[in-house]
Amino acid sequence: MDSIYIKKHIGASEIIGPLLIVDGVMGVGFGELIEIEQKGMKRLGRVLEVEGERAVCQIFAGTSGIDRERVRVRFTGSSMKLPVSEEMVGRTFDGLGIPIDGGGDIVGEEERDINGYPLNPDAREYPRDNILSGISAIDGLATLIRGQKLPIFSGSGLPHNEIAAQIVNQAKISKEEDFYIIFAGLGIKADDASFFLRKFEEGGALGRLITFLNLADSPSVERLITPRCALTVAEYLAFKKNKHVLVIMSDLTNYCEALREVSSARGEVPSRKGYPGYLYSDLSTIYERTGRVEGKKGSITQIPILTMPNDDITHPIPDLTGYITEGQIVLSRELHQKGIYPPIDILSSLSRLMKDGIGEGHTRKDHPNLCSQLYASYSRVARVRSLATIIGEEELSETDRSYIKFGDAFEKEFLNQGKTEIRSIEDTLKLGWKILGNLPESELARVSKEEIEEYWSK
Amino acid sequence: MGEGTIFRISGPIVVSKETYDIVMNEEVRVGDEELIGEVIEINGDKAVIQVYEDTTGIRPGARVFGTGSLLSVELGPGLISQTFDGIQRPLTIIKKEHGIFIKRGAKSPPLPRNMEWDVDIHLKEGNEVHSNTIIGVVKETSIVNHKILIPPGISGKVVEIIEASSYKVDDPICIVEGEDGVKKELSLFHRWPVRKKRPFRKRFPPEEILFTGQRVIDFIFPIAKGGVAAIPGGFGTGKTVTQHSLAKWADADIIIYIGCGERGNEMAQVLEEFPLLKDPRSKKSIMERTILIANTSNMPVTARESSIYTGITIAEYYRDMGYDVALMADSTSRWAEALREISGRMEEMPAERGYPAYLGTRLAEFYERGGRMEVAEGRVGSVSIIGAVSPPGGDFSEPVTTNTKRFVRAFWVLDTRLAYSRHYPAISWTDSYSEYFDEISTWWEEQDVPIRELRGRVMEVLHEEKKLLQIVQLVGEGALPERERLTLKEAELIREGFLQQNALSVDAYCSPAKQYRMIKIILDFGEGALDLLERGVPLFKIIELPIFSEIKRMGMEIPNEKTDKFDELEGKVKEEFERLKSEYG
Ligand SMILES: Nc1ncnc2c1ncn2[C@@H]1O[C@H](COP(=O)(O)OP(=O)(O)O)[C@@H](O)[C@H]1O
Ligand SMILES: [Mg+2]
């Protein structure tokens with residue numbers, strides 16, 4: 001388009017980590033896409049800062065092997081664009097949105113800036129339709145809503161991939177015609193990528209899947225682009241083509257590390273643990289590209305997966321994520337070691353949007369109170385258990401003993417389920433009431449008298 | 001007007017050189033798309049400008065133009081029930097003109113120019129006027145009478161009233177001649193620089209409660225009209241739900257709600273929910289007294305920084321009309337982080353955790369704009385401020401929390417453990433405090449509620465419980481004497497039956513009468529039960545009474561207006577206690 005803005009330059013004055021610093025170029029635009037070439041090898045990059053005739057550029061594929069004096073730099077005069085069309089469905093791309101499945105280039109119906117634009121908050125529609133996954137812990141206690149961003153906080157070695165795949169395959173949505181899944185791998189192992197692809201195939205979702213892969217051995221800085229490519233397609237499909245789109249991204253921890261790498265190469269003042277002060281703002285430009293808007297049928301739902309370094313939920317990555325997303329599903333190593341699947345730590349998990357997507361007209365009228373009762377009762381279990389280890393179970397009061405029984409039933413019967421087992425919401429609620437049968441009626445203050453009469457039995 | 005040439009661009013911060021005739025905090029236009037910016041530093045012929053829109057594509061050599069005025073907001077009728085972004089762009093109008101995404105360069109005046117207002121003019125030619133004199137009154141919504149004010153800094157004599165059957169906001173309404181003989185034409189609106197606090201005559205100590213309908217606040221940690229409070233808490237502990245509850249139910253005349261760097265879906269929720277809710281006093285939609293400022297986390301970080309000032313300036317304007325305004329800012333931490341990010345881009349020397357050294361000063365300036373003030377002869381208005389604080393990792397020793405604590409007088413600490421066990425609102429009764437309690441307790445006493453005594457008893461029982469639980473953790477409850485176990489049960493009633501309040505239920509708003517009846521039943525139960533214990537009734541007999549769990553549920557099951565249900569419940573407690581008494585007597 002703006003061909004007058006295309007500029008060519010030979011040689012850089014400095015290379016620092018993934019950064020290339022070019023001097024003596026006039027009129028380079030902030031944020032524009034660059035292409036560098038050396039011995040026929042092309043790499044893409046982006047301008048991070050301009051000062052007079054100096055441009056600080058980030059090279060997605062890294063700078064290794066680049067000859068400072070000979071490198072040719074082409075400033076393209078515009079920001080990075082991705083051609084999008086419905087033809088992308090069923091295809092696989094690399095982390096920069098280039099096809100890698102041998103199926104040829106995408107002829108875009110249009111080209112979109114991968115950074116997108118912020119949605120006008122006034123154009124949003126508040127999400128209200130649930131997506132039932134057939135998993136009791138999620139449907140019953142942390143219901144997923146269409147248009148929600150609900151991450152899985154996991155740890156290395158925990159079955160987050162299985163859970164994500166189970167949600168996708170069991171959510172009835174995956175059988176819907178106008179439903180698409182976008183999977184973005186951010187620095188994940190090839191094994192994990194093929195696990196997902198296999199699972200999506202088993203679930204019959206392959207024909208509605210778009211995959212972007214930046215693998216563990218792909219250039220790390222490229223990861224900063226991958227989620228933006230995925231979400232650019234998602235916005236096109238949801239708000240132009242009226243489709244429902246579920247975006248699964250794994251692992252955001254790798255994304256944040258790449259961001260830290262660039263920031264430290266720039267010599268920026270870090271905030272916590274070396275991560276830049278703008279990590280929150282940066283993550284929000286990914287997570288907030290979710291939701292529903294007025295007058296459009298489509299929606300974008302996100303399930304980002306991240307591994308908490310040292311299982312620490314206060315680490316900046318899960319912490320800042322939790323501040324942006326609409327809740328979180330937290331996995332527990334302790335439950336995993338007890339053999340419970342899915343090992344969801346209910347007490348620290350939360351779905352902020354579930355309140356308007358459950359109850360009468362959505363699931364069943366007793367659902368909100370039952371959910372609140374299960375939470376309250378299970379939170380007491382931990383206290384009673386620790387008391388029991390001190391004074392012995394026999395010394396517990398009768399009520400406390402009933403909490404021990406309730407806690408075991410909660411974990412073994414309610415939480416625990418098979419990796420392909422689909423529980424209907426009625427079954428989940430029934431099970432919830434059943435395990436409450438371990439407690440005396442006087443302990444059930446969160447449910448109403450009528451509900452006790454209708455659903456509860458000793 | 002001033003001009004300059006861009007030579008450096010780093011995210012939302014651009015620097016111009018060869019700049020002339022530009023002043024600090026002046027609003028400027030940047031580049032061909034005329035992006036909105038503000039001068040935040042001047043050094044020789046260099047000016048540092050923060051741009052309120054995405055700067056992608058801006059090149060060195062692009063021009064900067066001054067607008068001749070400081071970054072300001074428009075103040076006049078038509079503000080209420082609108083949603084603005086951080087620099088007061090009207091989001092509903094922007095949506096109509098530009099679609100679902102906010103594209104660059106979108107501009108529209110905040111106050112609709114085509115709307116006609118009937119004005120009941122109070123002035124006559126020849127009247128002496130000064131700052132904040134009422135020119136006339138406009139019915140802005142069915143519950144807000146918008147007073148058209150002489151802007152601060154203007155005084156003199158009315159030389160002409162321009163009569164008309166109705167006025168657009170920019171139509172002239174009167175002409176005032178100052179002592180210097182200069183004539184000024186005034187209209188229904190004026191502009192005011194956001195970073196400058198609006199002047200007032202005198203500050204008064206707060207004395208009246210800002211009633212919120214939230215039991216743990218009104219009864220235990222109250223806030224006064226003109227008071228300043230903070231709600232710190234980790235993610236998911238209930239800051240936003242609490243802020244929403246206050247915006248819905250607080251007995252303020254005007255609500256300013258600032259969504260500062262938070263979620264888009266939360267703003268959507270407010271926009272859908274508020275118009276449908278009725279204010280318990282006026283019975284009108286609460287949107288008719290509400291103004292929203294929405295700068296979600298993915299919108300430019302610079303506009304997040306300004307959103308706080310835009311909000312507080314509008315709040316002061318309604319205060320000047322004599323209203324009680326309540327402002328909620330969710331979250332002030334995002335604002336502080338915006339300061340940090342901008343400061344970093346300007347390569348300033350960082351202080352603690354990368355925040356600029358002036359963080360404390362900025363926070364103080366913001367909270368100091370709250371208060372109860374005399375704004376004109378005999379006219380008093382107030383701005384109450386409630387700021388959410390989001391400490392990283394839930395660590396309250398971080399700079400935003402500690403600095404905020406220095407400037408607020410009510411501090412509602414949200415406890416992660418309470419939130420995890422779904423005790424909502426998760427306001428900790430051990431770590432929170434309010435310095436307004438003494439000032440506002442007369443408000444309760446005037447309604448014959450012996451608040452000091454009741455609150456004293458509540459705190460005593462909760463304190464006792466904390467001590468006893470430490471013992472229980474070592475030896476089990478069974479080892480405690482019955483009397484102490486009763487204290488534990490009474491504390492359980494206070495926590496579950498009184499302090500907990502589900503914002504998503506009929507219990508969302510609790511009237512003063514209901515608050516009193518609830519706490520009275522619980523404390524009477526405790527007292528009566530103690531009497532029974534002394535008569536030899538075993539504790540389990542008392543606890544197994546169905547009224548025990550009925551009391552825990554009364555908040556949910558008894559609506560505000562059904563006070564007869566409390567009589568019934570009280571009757572039942574008496575009856576059952578009498579029965580036990582005679583059984584063991
Ligand atoms: N008073 C309350 N009543 C009922 N639920 C609440 C209350 N306060 C918080 N919650 C629950 O906690 C969740 C998180 O609250 P929120 O205010 O969004 O947290 P924060 O803003 O601190 O991250 C809400 O979605 C809601 O489910
Ligand atoms: Mg919040």
Side-chain angles (χ1 to χ4, degrees), chain A residues 26-32 49-52 78-79 115 117-127 147 239 268-272 277-278 280-281 284-285 288 291 293 314 316 319 322-324 326-327 347-348 350 353 355 372 375-376 379 387 390-391 395-397 400 441-442 444-445 448, chain B residues 7-10 55-61 83 91-92 94-95 100-103 235-236 259 263-265 267-269 271-272 294 296-299 301 334 337 340-341 344 350 353-354 390 392-395 420-422 472-478 496 504 543-544 548-549 552-553 556-557:
Chain A
M26 295 259 286
V28 169
F30 172 72
E32 76 179 55
E49 191 177 319
V50 214
E51 181 163 352
S78 82
S79 55
N115 294 310
Y117 299 93
L119 263 180
N120 186 330
D122 192 50
R124 283 183 184 267
E125 201 158 281
Y126 188 61
F239 305 138
E268 291 171 335
V269 180
S271 93
R272 266 205 306 157
Y278 50 80
Y280 176 86
S281 300
S284 76
T285 61
E288 277 290 330
V293 298
T314 68
D319 189 52
Y323 271 121
I324 305 167
E326 281 127 2
L347 297 181
S348 47
L350 169 74
L353 297 184
K355 54 187 184 290
S372 141
Y375 267 116
S379 80
L387 178 61
I390 298 167
I391 62 169
E395 293 297 311
L396 292 177
S397 69
D400 282 350
E441 186 177 343
S442 60
L444 308 181
S448 72
Chain B
F7 84 101
R8 174 168 183 235
I9 306 110
S10 170
T55 52
T56 302
I58 302 282
R59 298 161 203 286
T83 307
L91 289 176
T92 314
I94 299 268
K95 173 182 73 182
I100 60 172
F101 292 108
I102 305 180
K103 300 260 163 98
F235 63 82
R263 303 179 181 85
N265 278 333
M267 295 317 295
Q269 182 190 2
L271 287 168
E272 283 185 27
T296 56
S297 55
N298 55 336
M299 287 158 82
V301 66
R334 305 297 163 227
E337 285 162 10
R340 175 171 70 186
E341 193 172 328
R353 298 226 191 158
S390 321
D395 165 17
Y420 279 5
S421 59
R422 271 50 181 178
V472 169
Q473 276 307 319
L474 296 175
V475 294
E477 206 179 312
E496 296 182 27
L504 318 167
I543 301 309
E544 80 183 9
F548 185 73
S549 44
K552 285 193 195 167
R553 279 198 289 261
M556 298 279 279
E557 299 202 339

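Numbered from 1 within each chain, the chains take letters A, B, ... in sequence-line order.
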Report task. Heavy atoms only, distances under 4.5 angstrom: which of Met26(A), Glu326(A), Glu32(A) has the most pairs with chain B? Name it, please. Result -> Glu326(A)
Report task. Tell me, for Leu271(B) versus chain A, whether the close heavy atoms (under 4.5 Å) come from the side chain, the backbone, both or neither. Result -> side chain
Report summary line: So, the part of Ile94(B) with a heavy atom under 4.5 Å from chain A: the answer is both
Requested in this report: With a 4.5 Å cut-off on heavy-atom pairs, point out which of Gly354(B), Ser549(B), Ser10(B) contacts chain A the most.
Outcome: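 With the most close heavy-atom pairs to chain A, the winner is Ser10(B).
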Report summary line: side-chain contact (heavy atoms from CB on, under 4.5 Å) filter on Ile391(A), not counting sequence neighbours, yields Leu387(A), Glu395(A), Leu396(A)
**Report entry** For the student: nearest non-hydrogen atoms of Ser297(B) and Ser284(A), plus distance
**Finding:**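 Ser297(B) and Ser284(A) have their closest heavy atoms at O-OG, 2.9 Å.
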**Report entry** Side chains of Thr296(B) and Glu288(A), donor plus acceptor under 3.5 Å
**Finding:**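 Looking only at side-chain atoms, Glu288(A) and Thr296(B) do not form any donor-acceptor pair under 3.5 Å.
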**Report entry** Sidechain-backbone polar pair: Arg59(B) side chain, Phe30(A) backbone, donor-acceptor under 3.5 Å
**Finding:**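 Checked: no pair found.
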Query - Donor-acceptor pair, side chain of Glu268(A) and main chain of Gly344(B), under 3.5 angstrom - result: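 No: the side chain of Glu268(A) does not pair with the backbone of Gly344(B).
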Query raised in the report: Which residues satisfy the salt bridge (charged side-chain N to carboxylate O under 4.0 Å, His left out) test with Lys95(B), sequence neighbours excluded?
Result: Asp122(A), Glu294(A)
**Report entry** Which portion of Val50(A) sits near chain B, non-hydrogen atoms under 4.5 angstrom
**Finding:**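 Contact with chain B involves both backbone and side-chain atoms of Val50(A).
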Query raised in the report: Is there a side-chain contact between Asn120(A) and Ile100(B), using heavy atoms and a 4.5 Å cut-off?
Result: no
